[in-house]
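The block underneath contains the structure these notes are about, expressed in structure tokens.
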Protein chains: 2
Amino acid sequence: MYINEHVINKMQDTLKLAGDATRLKILFCLLDELDTSSSDPHHLIEKCVNDIALQIGCSQSLVSHQLKDLKDGDFVKARKEGTKIYYSLKDEHVKQIMQITYEHVLEGEHHD
Amino acid sequence: MYINEHVINKMQDTLKLAGDATRLKILFCLLDELDTSSSDPHHLIEKCVNDIALQIGCSQSLVSHQLKDLKDGDFVKARKEGTKIYYSLKDEHVKQIMQITYEHVLEGEHHD
DNA sequence: TGCAAATATGAATAGATGTTCATATAATAT
DNA sequence: ATATTATATGAACATCTATTCATATTTGCA
């Protein structure tokens, strides 16, 4: 890892982006669901703004705002179809960060 | 991954903790240095507050404040020796989060 | 053209957060 | 005891951020 000020700032942006409850809910919403019907580990989940808003219980406006940030931060990508816009996770890094953070949190629970 | 509100909030706290330039500098400061003298991948780096402050160019007070948060968030641990307190990374999760975030940032650079 | 559905946007605001400054605490040595 | 070194702490402040509200934009359809 070659670290300089620029990289530090980019990493800050990336982690700050992930460090928000609403955005995490959106990301989990787009993560592979644990339903047993799909056995494909690389199954792509696509959801439109309104569906996400309904599922996580937030306003359309808030979800739209946050999706913009998540898109700018390369966490999600968008695909337009008619009036709807389908969002999905962009790459594996996002899943990995969520996975490791999840493990870290679980481990912390044992020591409380 | 079993996700509920509590887990989401804990993940938020963890990622928010990592998402700050000063704290990232502290963590990198405590990460294995790339000097070729140590070939042990699990080499533990310990540094006291003042050394960290000097190395990253921040005040002692700021570093102390941030170390407290990093400790509360299980990112670092502390060992007292005389008047000095030596800090080090607590577990592998921190390193992994930094590594993946670093990769994500590097990948993003290609598309600018 | 006009209407409805889906999403985006901008301003406003309350609350959170990083940093500084001054000071307190703790341990060591003279 | 006193001084010194190392670290922690609390208050204050300026900046940033998440959320809401109202409104704009875009697309599809009657």
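Every value quoted in this text rests on a predicted model; they were computed, and no experiment measured them. Note on naming: letters A, B, ... go to the chains in the order of the sequence lines (proteins, then strands), and numbering restarts at 1 for each one.
Comparing D:dT7, D:dA18, C:dG18 by their nearest atom to the side chain of A:R23 picks out D:dA18. Distance from the side chain of B:T22 is smallest for C:dT19 among the nucleotides D:dA8, C:dA8, C:dT19. Set against D:dT7, C:dA8, D:dT20, the side chain of A:S64 has C:dA8 as its closest nucleotide. Across D:dT19, C:dA8, C:dA6, the shortest atom-to-atom separation from the side chain of A:N50 is found for C:dA6. Checked against C:dT7, D:dT9, D:dT7, the side chain of A:K84 finds its nearest nucleotide in C:dT7.
Spacing between atom CD1 of B:I56 and atom C1' of C:dT19 amounts to 12 Å, rounded to whole angstrom units. As rounded to whole Å, 8 Å separates atom P of D:dT17 from atom CD of A:Q12. Atom-to-atom, CD1 of B:I85 to P of C:dT28 comes out at 12 Å; the value is rounded to the nearest Å. In this structure, A:K47 atom NZ and C:dA6 atom P are separated by 17 Å, rounded to whole Å. Distance A:L62 CG to C:dA12 P: 19 Å, rounded to the nearest Å. If you measure from atom CG of A:D72 to atom P of C:dT9, you get 9 Å, rounded to the nearest angstrom. Atom NZ of B:K68 and atom C1' of C:dT25 are 15 Å apart (whole Å). Between the CG atom of A:L17 and the C1' atom of D:dC16 there is a distance of 15 Å, given to the nearest Å.
Screening A:L17, A:V105, A:L15, A:D20 for a side chain to side chain contact (heavy atoms under 4.5 Å, CB included) involving B:L15 leaves a single residue, A:L15.
The residue among A:T83 and A:K16 whose nearest nucleotide of DNA chain D is located toward the 5' end is A:K16. For the pair A:G82 and B:H65, nearest-nucleotide mapping onto DNA chain D gives the more 5' position to B:H65.
Evaluation of atom-type donor-acceptor distances gives a pair under 3.5 Å for the side chain of A:S61 against the base of C:dT9. The base of C:dA8 is paired with the side chain of A:Q60 by a donor and an acceptor separated by under 3.5 Å.
A salt bridge between B:E5 and A:K25 is present, with a side-chain N of the basic residue lying under 4.0 Å from a carboxylate O of the acidic one. Salt-bridge formation is detected for the pair A:K95/A:E92: a Lys NZ or Arg NE/NH1/NH2 atom is positioned less than 4.0 Å from an Asp or Glu carboxylate oxygen.
Residue contacts for B:C48: at a heavy-atom cut-off of 4.0 Å it reaches the sugar-phosphate backbone alone, with no base atom in range.
Of the side-chain N and O atoms in B:Y87, none sit less than 4.0 angstrom from OP1 or OP2 of D:dA6.
Shown here are the side-chain hydrogen bond (donor to acceptor under 3.5 Å, both in side chains) partners of A:K68, two or more places apart in sequence or in another chain: A:D72.
For residues 46-86 of chain B, the ring pair (Phe, Tyr, Trp, His ring centres under 6.0 Å) pairs, not counting sequence neighbours, are A:H104-B:F75.
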